[in-house]
2 protein chains.
Amino acid sequence: MIKPGGKVTINDIARLAGVSKKTVSRVINDSPKVRPATREKVQAVIEAHGYTPHPEARALALRKSYLVAMIYDNPSPQYIVSMQRGILDALEASDLQLVIRPCDRNEDDYFESIRRFIKQQRFYGAILPPSVSEDQELVDMLEENNCRYVRIASVIMDSPLNTVKTHDSEGAEKAAHHIADLGHTRIAHIRGPLAFRSSHERFRGFELGLNEYGIRLDSGLVLEGGYTYETGFDCATQLLAMENRPTAVFCGNDEMAVGAYQAARQAGIRVPEDISIVGYDDTPIASRVWPRLTTVRMPIREMGKAAGQLLLGDPNGNLRRYVSFTPELVVRESTAPPPQDS
Amino acid sequence: MIKPGGKVTINDIARLAGVSKKTVSRVINDSPKVRPATREKVQAVIEAHGYTPHPEARALALRKSYLVAMIYDNPSPQYIVSMQRGILDALEASDLQLVIRPCDRNEDDYFESIRRFIKQQRFYGAILPPSVSEDQELVDMLEENNCRYVRIASVIMDSPLNTVKTHDSEGAEKAAHHIADLGHTRIAHIRGPLAFRSSHERFRGFELGLNEYGIRLDSGLVLEGGYTYETGFDCATQLLAMENRPTAVFCGNDEMAVGAYQAARQAGIRVPEDISIVGYDDTPIASRVWPRLTTVRMPIREMGKAAGQLLLGDPNGNLRRYVSFTPELVVRESTAPPPQDS
DNA sequence: CTGAAAGCGCTTACAG
DNA sequence: CTGAAAGCGCTTACAG
């Protein structure tokens, strides 16, 4: 008899099926060395009792964790949610679960706290979106603790085999081409914080893209924001107050672009008639503001999925492939040719 | 010697400290029955080797899981991220981890898939934000599997001891009072889908609030949306095309309100001069659109924390308190008195 | 193809 | 206050 209220265990199944627990184990683990008749008999008992192996017991016996950690400090909810979905897409076929760990790199015990987390849990592996992915100290700590990891980053910082690369510079280059094509020449850039590699890559790509059209990016028109609405607003306010103000602004992400909308509105400057604004990320807000925002789209969910797959490794063999994503420009209504009289 | 590359175990610590593993266990678990000198000696060895107990082994021996599941189908990224943070706030002091499980109630294997998830993982407990929290079949399944749970919901569906209640009707009532105070009488409501209890509560509270001002909510001006931008747009487009169109619209959430903005814009109707719009939730988009949206704020992160605490129970004793949250109105620029000529 | 023994790293009674 | 034995639910060699 099965203990009332208690879970049925491998022993119960073994007894009920008249085999040893090892045989049950073999059935569970799809070992080929079980006679079909035996397998069926055991399967029937398993199903009849809704048996499912205890994950902690397996983990202990196999010296393996079934938990994947996602460690992140990204400020955009949409980014986080899409990334989580993507990772789960990859984990779906496996029996791994996703444990989340938001953090703040500015907090004092940020590093120690994550170290404890990693040491205690002995994860199957960890996935690091930017900007956590750029923290080499953290990655070193993971390696010290034998925790494999996949970085999502705009540059390859160690092996390409554990990086999902996003070609941020190419996305920014496309934005530059679009703006230049429209005929703009006085062009500003509100970049992200220097602590983010993506911010450098986007800046670099944007500058390159303009250069390809023979346009120089005036360093006086490059301001540093914090990837937030408020900083976008502040930087744009400064730009719009200039004597000879720019006719186009490329913002390092959508949040800052929406802040720039607000700055333009308060200054009585029309988008896109007086000023063109371009964002980056294509988060949902980009198509909910008015005018709808021209921006650069990253397939965030697919990137998460690729990261998950990289972490799992190829089930048939163990070759792991280098994965990279190229962003594309989404043209909407926030960009137009510069005003005639300018 | 400690195996190279291998993790240090309780046995290593016991040997190194010259005590039995049981004594180490007592130190780890803060048992009072250890002589201070012994405790210190053991502590020193633990720290010297950075020992941390294997969570799966503990879980197995204690017949207890250290994993909390968050199961949700809420479509708003901001809501999800805030709720996750709140739950983690509550879990911080414990050694529990948060496993996330987004799902889609419309998918065929939604229920079976979650059932498998629950059976396999034997969670410490589960947290259910709306609208998953309203699925009684799912809750029954959790109980069947001895998985405790906390619901976040706008009505108490079973015991108040495992519900974090949100007074949605009160928030909607406040919205009604605000609109009535401004002098509106032709008032519309774009409600959420009938499958969400919150949608009913908000509708009910709004109607009640208008009645308190002697205003009847015209059922012809109540449309059902899907809590999405697109449905908000569609419903508002219908309302604005009416012969005698409303001068104010209360939308069931911010997403739909922003959709309504867009509909007004396309119809050449100004917000708030020609029509007042009120949302619900105070998600970040509410203060990023123009004009900034008057809406009803829910303290989502605190609600998540309360849910986590309810799940953990009171560490000093085991009384659990009923928790509820009352939303407040946030007045911004999307509401104004009705136009003079109306 | 199948089983009895030993072990994963921890804890809970039970003695002393 | 401390320890030796048994057990949590599973798996891995090792026999047969």
Side-chain angles (χ1 to χ4, degrees), chain A residues 2-3 5-43 45-46 49-67 95 119-124 146, chain B residues 2-3 5-43 45-46 49-67 95 119-124 146:
Chain A
I2 295 157
K3 291 168 279 177
K7 286 295 195 175
V8 0
T9 74
I10 196 172
N11 285 310
D12 299 319
I13 301 299
R15 191 163 27 74
L16 260 24
V19 297
S20 77
K21 56 202 274 199
K22 175 54 199 157
T23 299
V24 177
S25 172
R26 274 190 270 258
V27 171
I28 296 168
N29 293 291
D30 279 322
S31 158
K33 307 184 178 179
V34 183
R35 221 175 348 175
T38 313
R39 176 181 303 281
E40 275 171 37
K41 186 173 58 179
V42 174
Q43 278 291 13
V45 178
I46 287 177
H49 294 268
Y51 167 70
T52 160
H54 192 119
E56 271 94 6
R58 291 189 98 179
L60 184 57
L62 285 167
R63 297 157 196 74
K64 168 189 166 182
S65 166
Y66 285 85
L67 262 26
D95 37 13
K119 288 203 73 146
Q120 273 172 23
Q121 295 302 129
R122 300 152 158 80
F123 290 102
Y124 176 87
N146 296 310
Chain B
I2 294 156
K3 291 168 278 177
K7 287 293 192 174
V8 0
T9 73
I10 197 172
N11 286 311
D12 300 318
I13 300 298
R15 190 162 28 71
L16 260 24
V19 298
S20 78
K21 55 201 276 200
K22 176 53 198 158
T23 299
V24 178
S25 173
R26 274 190 270 260
V27 171
I28 297 169
N29 293 291
D30 279 321
S31 158
K33 308 184 180 179
V34 184
R35 223 178 344 179
T38 313
R39 176 183 303 280
E40 274 171 36
K41 187 174 59 181
V42 174
Q43 278 291 11
V45 178
I46 287 178
H49 293 267
Y51 166 70
T52 160
H54 192 119
E56 271 95 6
R58 292 188 97 180
L60 184 57
L62 286 167
R63 296 157 195 76
K64 168 191 165 181
S65 166
Y66 285 84
L67 264 25
D95 37 11
K119 289 203 72 143
Q120 272 171 22
Q121 295 301 129
R122 300 154 161 80
F123 290 102
Y124 175 87
N146 295 310

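The sequence lines fix the lettering, A, B, ..., with proteins before strands; numbering per chain opens at 1.
- Qualifying salt bridge (Lys or Arg N to Asp or Glu O under 4.0 Å) partners for B:R58, counting only residues two or more places apart in sequence or in other chains: B:D95.
- The CG-P distance, from B:L60 to C:dG9, rounds to 12 Å in whole Å.
- Not counting sequence neighbours, the partners of B:S25 by the side-chain hydrogen bond (donor to acceptor under 3.5 Å, both in side chains) test are B:N29.
- A:Q120 is linked by a side chain to side chain contact (heavy atoms under 4.5 Å, CB included) to A:R116, B:T52, counting only residues two or more places apart in sequence or in another chain.
- Of the side-chain N and O atoms in B:T38, one or more sit less than 4.0 angstrom from OP1 or OP2 of D:dT2.
- Positionally, the nearest nucleotide of DNA chain D for B:R35 lies more toward the 5' end than for the other of B:R35 and A:P53.
- By the side chain to side chain contact (heavy atoms under 4.5 Å, CB included) test, A:A61 pairs with no residue at all, sequence neighbours left out.
- Put simply, CG on A:N11 is 11 Å from C1' on D:dC8, counting in whole angstrom units.
- The side chain to side chain contact (heavy atoms under 4.5 Å, CB included) check on B:R39 picks up B:V27, B:D30, B:V34, B:Q43, with sequence neighbours excluded.
- In this structure, B:K64 places its NZ atom 10 Å from P of C:dT12, rounding to the nearest Å.
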Dot-bracket encoding per residue of DNA chain D, Watson-Crick/G-U cut-off under 3.5 Å, | denoting interstrand: |||.||||||||.|||

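- If you measure from atom CZ of B:R58 to atom C1' of D:dG9, you get 18 Å, rounded to the nearest angstrom.
- The side chain to side chain contact (heavy atoms under 4.5 Å, CB included) search around B:K41 returns B:V19, not counting sequence neighbours.
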Below 3.5 Å between N/O atoms, which protein atoms pair up with nucleotides 4-7 of chain D? Just atom names and distances, please.
none

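- Note on A:Y51: a side-chain N or O is less than 4.0 Å away from OP1 or OP2 of D:dC10.
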